[in-house]
Every structure is written in C-alpha cells, then in structure tokens.
Asks: 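The structure is given below, and queries will be raised subsequently.
As the structure is a prediction and not an experimental result, all values here were calculated from the model.
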Amino acid sequence: MQLRTIPPKTGRAPFDPAYDPETAPTPGTGKDYAPTYWIGTAGPEPEDDGPVTRDMDVDVAIIGSGYTGLSCAIHLAREHGIKATVLEANGVAWGCSTRNGGQAQISAGRLKRSQWIARWGVDVARRMHAEIAEGFDLFRSLIREPGIDCDPQDGGHLYIAHRDKVLPALESEVRVLNETFGYRARMVSRGEIHSDFVRDAEARGAMYEPDGMGIHAAKLAFGYLRLARRLGARVHTSSPVLDCTAKGGVHYLRTPGGTVRARAVCIATAGYTSPGMNVLTRRRLMPILSNSVVTRPLTESEQQALNFRARIPLTDTRTLRHYYRMLPDGRVQIGSRSAITGRDAANPKHLALLLEGLYRKFPILRGIGIDYSWWGWVDVSHDMMPRIFQPDPAQKLFYAMGYGGNGVMYSAQAGRRMAQMVAGKGAGLDLPIFTSPLPSHGLLTPFRRLGQWGMYRWYYLRDEIL
C-alpha cells in the first residue's frame with residue numbers, strides 16, 4: 001500500500017516512529033512532526049519564540065505546548081494577568097494534540113456517567129457532569145476566537161453498538177443521562193442510523209448525545225498558539241525539559257539551551273511525559289498507542305453508498321473502540337488501538353488490523369487508497385479519569401493530564417482550571433479530579449505492559465466472541 005509522505009521541515013531532526021515514552025529519556029529535541037493528515041493540511045505553521053538559548057527567570061513555566069499547556073497560558077493571561085513561558089521539546093503541539101482523531105465529546109477520561117455514580121455517588125457525579133458541560137461551553141467559545149479556524153463540524157456524537165448484546169447497556173446509560181443528569185441523550189435504531197447518519201454495516205443501534213464536534217486537530221492547536229502569544233505568552237520550541245527540581249521555592253527546569261528558573265510550574269505533557277523529568281509525575285500515566293488513518297477523498301458515488309449524512313464524531317462500543325467520521329474534504333478518518341511498544345509501532349499488522357475495522361463498517365471501502373497513517377501516545381490514567389492537581393503542597397507545581405483519549409474538548413477547561421490553581425484561586429475546586437493525585441501502579445509498574453498484553457486479548461475475546 002502506498003502512503004502519502006510529508007516532506008520533513010528544513011532544519012528539523014527526523015521524526016522517530018519508534019519513540020516510546022516508557023523508555024526514552026525525553027521526546028527528543030527539535031524533531032519533525034508525525035506524518036498526520038492534520039499536519040499535512042494545516043497550512044503554514046505559526047511563529048513561535050524559538051529555542052531557549054540562555055538561563056532565564058519567569059513567573060510561570062508550562063511544560064508542554066499541546067491543547068492543555070496552551071489553554072493554561074491563555075487563561076493565565078486572560079483571567080489572571082500572568083504571562084507564562086511555555087517549553088516544548090519539539091514543535092508546537094508535537095504530541096497527541098496533532099495526532100488525535102479530532103473528536104470533541106462531552107466527556108473526560110474513560111468512565112461513563114453510571115460509573116461516576118458507582119465510584120463517587122450521585123451528588124458528586126452531577127457536579128462532575130456540570131464541570132464537563134461547562135468545559136464544552138468553554139471549548140465552543142474558544143474556537144469562535146479570531147484566528148482559531150479549526151473546521152468545526154458540530155452536531156452531536158453517536159455511540160454505536162457494534163453487537164446486539166451491548167444495546168441493553170446503552171439503553172441503561174441513556175436512562176441515567178436523562179433521569180439523573182437531565183441530559184437529553186436518546187437511543188437511535190439501526191434503521192435510523194442508516195437513514196439519517198451513516199450506513200455503518202456493523203451498527204445495531206446507538207446512543208445519540210447532543211454535544212459532539214469534529215475539529216481539525218492541528219488548526220486548533222495552531223490557533224491556540226496564536227491566541228496565547230497575542231496575550232503575551234512566550235512559547236519556546238526545541239527546548240525539552242531534561243529535569244525539573246525545586247529548591248528554596250524556585251523550580252529549576254534544565255533545557256539544552258539554558259536553565260529556566262520559575263516561581264511556578266505547570267506540567268501538561270500527557271502521554272509524552274518523560275520518566276526522569278520529575279519524581280511527582282514518574283510512571284503516573286500509562287502511555288497507550290493509538291493508530292489512525294485517513295483515506296483518499298471518496299467519490300460522489302461512494303459517499304452516496306455510505307449515506308454519510310452526518311459529519312459528527314462516531315465511536316463504537318468496543319473496549320478498544322474505533323473512532324471515525326467523514327472529514328470536510330470527503331475523506332474517512334478512523335482510529336483505534338495499536339502496538340504496545342514503540343519499537344513495534346511500525347509493524348504493518350497494526351495498520352492491517354485497523355483497516356479491517358474500517359472494512360467491517362464500510363465493506364465498499366475495502367482496498368481504498370490510504371493517504372495518511374500515523375500513531376500517537378494516549379495518556380491513560382490507572383483509574384481512567386484525568387487529574388488537575390498540585391501533588392505537593394510545599395511546591396507550586398501542578399499537572400493536568402490523564403484524559404484517556406477524551407482530551408480534545410476537556411483540555412481547554414483543564415488548562416483553565418490549572419491556571420486558577422497557579423493564581424491561588426482554586427479553593428472551590430473540590431471534585432475528585434482536583435483533590436487527588438494520579439494513582440500509581442506501585443509494585444506492579446514494571447509489569448504494566450505484560451498486563452496490557454493480556455488485557456488486549458481479553459478485550460478482543462469479550463468484544464468479538466463471547
């Protein structure tokens with residue numbers, strides 16, 4: 001299969017397809033972007049402030065220039081009058097902010113509302129829902145800002161049952177959303193999916209949520225960058241933080257070009273968090289690889305055959321779910337699980353597995369040309385929920401991550417919440433995602449990938465066979 005290639009940018013180190021955050025000391029320095037559809041179609045990259053070239057003193061340093069880090073910089077400036085300095089190892093939003101599926105859903109983390117109730121009780125779950133809904137409102141307001149032209153496709157989200165056996169669970173979740181949260185989700189029949197949304201051959205029914213939006217991932221990130229810099233933030237690329245230590249109330253962030261001394265530090269590195277950067281974030285996330293492909297543009301007859309009437313985010317009910325949609329230029333994008341290790345990421349069997357998922361849903365696309373194929377590391381927390389937290393009260397160090405693949409939307413709110421904490425205005429943030437650290441696997445940490453290998457096989461058995 002011939003894939004489209006994106007020429008490397010002049011002066012950048014080559015992209016490393018085998019990079020693995022579990023083993024690499026840093027994500028690299030000045031490496032080229034992954035060959036994603038988003039980077040290939042975003043247009044010229046906006047200006048940044050270049051690498052750190054000397055020691056410097058700053059009020060707030062943000063490590064990571066993805067959606068979360070840039071949102072934090074935007075809200076520090078806009079709501080608290082603080083001009084942050086953002087440090088990025090490679091290019092702006094080099095990690096999953098330019099490798100995701102571009103799906104904004106009314107969620108954060110991987111737990112459903114019914115699971116929130118089981119874990120925290122109804123009252124906390126309702127306040128969590130209000131927090132997520134507020135986050136979606138913030139996200140919608142941000143993408144209306146001048147300069148953030150991210151090709152939004154608003155209209156809801158369809159959670160599609162891939163087998164009849166999962167329909168009762170979807171129906172139960174719809175009842176919970178309506179009766180407990182007052183949220184107007186509804187069930188959609190297979191016939192309605194095919195007539196009003198898309199002719200997905202696997203679909204047995206679906207849950208429709210009114211809030212959901214597709215966006216262009218890189219255009220969103222680059223729009224955030226422009227806004228942050230207009231508000232006074234500085235964004236230094238090719239400046240990986242090799243280590244981050246604190247002494248006497250000052251944080252010392254060592255980069256190849258100089259040490260940045262900061263009064264406060266925000267960590268927004270998600271699945272690309274280096275183990276040696278800081279002890280408070282070491283092994284607190286499980287980086288999981290997700291594959292994604294984008295087809296050539298569909299012909300008019302192909303689009304008619306698939307009846308792609310809805311251009312909204314679609315996901316299926318597999319544990320290792322597929323996320324897919326029709327892009328504005330008539331291509332189909334689909335993503336799902338990938339390899340367990342970075343060294344195995346380029347193994348063609350993972351691409352073949354994803355393409356079989358595409359063909360099951362849309363048989364007429366079997367053999368269609370694939371123009372873009374890539375993978376990225378998702379930041380999955382051990383309890384499947386994100387955290388925006390200050391792990392040590394004695395240090396002005398904060399982190400926001402752990403979205404589990406649902407960070408496109410909520411990262412905007414998470415960055416805003418982290419900015420509040422930095423500014424000393426986080427007293428009212430008392431939900432569990434604000435008051436507890438990212439959990440650790442403790443003694444099981446060295447065996448996590450062995451467990452992942454076993455769980456992937458169990459998930460396949462449960463989703464496809466039992």
Side-chain angles (χ1 to χ4, degrees), residues 101 103-126 128-129 132-133 136 156-212 288 290 310 312-325 334-337 357 360-361 378 380-386 403-406 409-410 432 452 454-466:
Q103 293 196 2
Q105 300 172 22
I106 189 159
S107 57
R110 297 189 64 84
L111 298 187
K112 297 178 289 189
R113 286 350 186 231
S114 58
Q115 293 171 306
W116 292 357
I117 294 170
R119 179 173 293 185
W120 297 310
V122 170
D123 290 344
V124 171
R126 282 176 173 155
M128 273 291 301
H129 178 82
I132 302 302
F136 212 114
H157 165 240
L158 206 60
Y159 192 28
I160 298 176
H162 73 291
R163 295 179 69 185
D164 288 325
K165 73 170 189 173
V166 299
L167 285 171
L170 278 185
E171 291 164 354
S172 175
E173 202 65 25
V174 167
R175 286 194 297 271
V176 169
L177 283 164
N178 279 268
E179 296 170 7
T180 304
F181 299 97
Y183 186 73
R184 309 318 297 175
R186 63 182 177 90
M187 288 299 295
V188 179
S189 70
R190 173 180 169 87
E192 189 179 352
I193 295 170
H194 285 182
S195 64
D196 296 347
F197 293 92
V198 61
R199 192 165 290 122
D200 181 335
E202 282 194 317
R204 315 313 300 173
M207 176 177 73
Y208 173 76
E209 297 174 316
D211 293 293
I288 302 291
S290 182
I312 62 174
L314 311 170
T315 55
D316 69 22
T317 47
R318 290 175 170 86
T319 307
L320 301 172
R321 66 192 178 197
H322 292 89
Y323 49 92
Y324 49 113
R325 64 185 172 108
I334 188 170
S336 188
R337 60 152 284 190
R360 283 197 303 270
K361 296 177 185 304
V378 179
V380 179
S381 69
H382 298 315
D383 68 351
M384 304 296 175
M385 288 300 289
Y403 310 116
N406 281 322
M409 179 281 292
Y410 189 69
Q452 183 185 356
M455 291 305 293
Y456 275 13
R457 278 144 187 81
W458 162 242
Y459 294 153
Y460 176 81
L461 181 66
R462 183 177 64 186
D463 288 341
E464 310 296 346
I465 297 174
L466 294 181

Asks: With side chains defined as the heavy atoms from C-beta onward, is the minimum distance between M409 and D211 less than 4.5 Å?
Replies: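 M409 vs D211: side chains apart.
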
Asks: As an exercise, state the distance from CE of M128 to CG of L111, rounded to the nearest 0.5 Å.
Replies: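 Between M128 CE and L111 CG, I get 8.5 Å after rounding to 0.5 Å.
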
Asks: Verify the neighbour count for atom OH of Y183: are there more than 12 heavy atoms of other residues, nucleotides or ligands below 6.0 Å?
Replies: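 Yes, the 6.0 Å shell around OH holds more than 12 heavy atoms from other groups.
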
Asks: Of all heavy-atom pairs between G357 and I334, which one has the smallest distance, and what is that distance?
Replies: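 Heavy-atom minimum between the residues: C-CD1, 4.3 Å.
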
Asks: Minimum heavy-atom separation for D463 to H162, with atom names?
Replies: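 Closest approach of D463 to H162: O-NE2, 3.0 Å.
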
Asks: Could you check whether any side-chain N or O of Q115 sits under 3.5 Å from a backbone N or O of K112, counting only pairs where one atom can act as donor and the other as acceptor?
Replies: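 Checked: pair present.
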
Asks: Check R360 against A201 and note the closest heavy-atom contact, atom names and distance.
Replies: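 That would be O-CB, 3.6 Å.
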
Asks: May I ask you to say whether E209 pairs ionically with R186, meaning some side-chain N is under 4.0 Å from a carboxylate O?
Replies: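 R186 and E209: not salt-bridged.
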
Asks: Is the backbone of L314 close enough, under 3.5 Å, to the side chain of Q103 for a donor and an acceptor to pair up by distance?
Replies: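 Such a contact is found between Q103 side chain and L314 backbone.
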
Asks: Check side-chain contact (heavy atoms from CB on, under 4.5 Å) between R190 and all other residues, then give those that pass, not counting sequence neighbours.
Replies: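 By the side-chain contact (heavy atoms from CB on, under 4.5 Å) rule, R190 matches H194, R204.
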
Asks: Does any non-hydrogen side-chain atom of M207 lie less than 4.5 Å from one of L177?
Replies: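 Contact flag for L177/M207 side chains = yes.
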
Asks: For F181 and H129, take the angle between the two ring planes, folded into 0 to 90°, and tell me which bin it lands in: parallel under 30, tilted 30 to 60, perpendicular over 60.
Replies: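 Tilted: the ring planes of F181 and H129 meet at 30° to 60°.
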
Asks: Assess the pair Y208 and H157: is the distance between their ring centroids shorter than 6.0 Å?
Replies: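 Centroid separation for Y208 and H157: 6.0 Å or greater.
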
Asks: Pairing donors with acceptors under 3.5 angstrom, does anything connect the side chains of R184 and N178?
Replies: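 Their side chains do contain a donor-acceptor pair, which is all the 3.5 Å distance test asks for.
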
Asks: Provide the closest heavy-atom pair for I132 versus W116 in the form atom of the first, atom of the second, distance.
Replies: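 In this case the closest contact between I132 and W116 is CG1-CH2, 3.7 Å.
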
Asks: Compute whether any side-chain donor of one residue and acceptor of the other, for S290 and Y323, lie under 3.5 angstrom apart.
Replies: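 Yes - a donor-acceptor pair under 3.5 Å links their side chains.
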
Asks: Testing the basics here: between I312 and G156, what is the closest heavy-atom pair and its distance to 0.1 Å?
Replies: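 Nearest pair, atom of I312 first, then G156: CB-O, 3.2 Å.
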
Asks: Can you confirm whether the side chains of H322 and D316 place a donor and an acceptor under 3.5 Å from each other?
Replies: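 Result is yes, a qualifying pair exists.
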
Asks: With no hydrogens and no angle check, do the side chains of T180 and R126 hold a donor and an acceptor under 3.5 Å apart?
Replies: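 On atom types as modelled, these side chains do not qualify, holding no pair under 3.5 Å.
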
Asks: Listed by chain and number, what are the side-chain contact (heavy atoms from CB on, under 4.5 Å) partners of D200, not counting sequence neighbours?
Replies: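 side-chain contact (heavy atoms from CB on, under 4.5 Å) list for D200, sorted by chain: I160, V198, E202, A203, Y324, K361, F362.
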
Asks: Checking D383 now: which residues fulfil salt bridge (Lys or Arg N to Asp or Glu O under 4.0 Å) with it, not counting sequence neighbours?
Replies: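 For D383 the salt bridge (Lys or Arg N to Asp or Glu O under 4.0 Å) partners, ignoring immediate neighbours, are R119, R387.
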
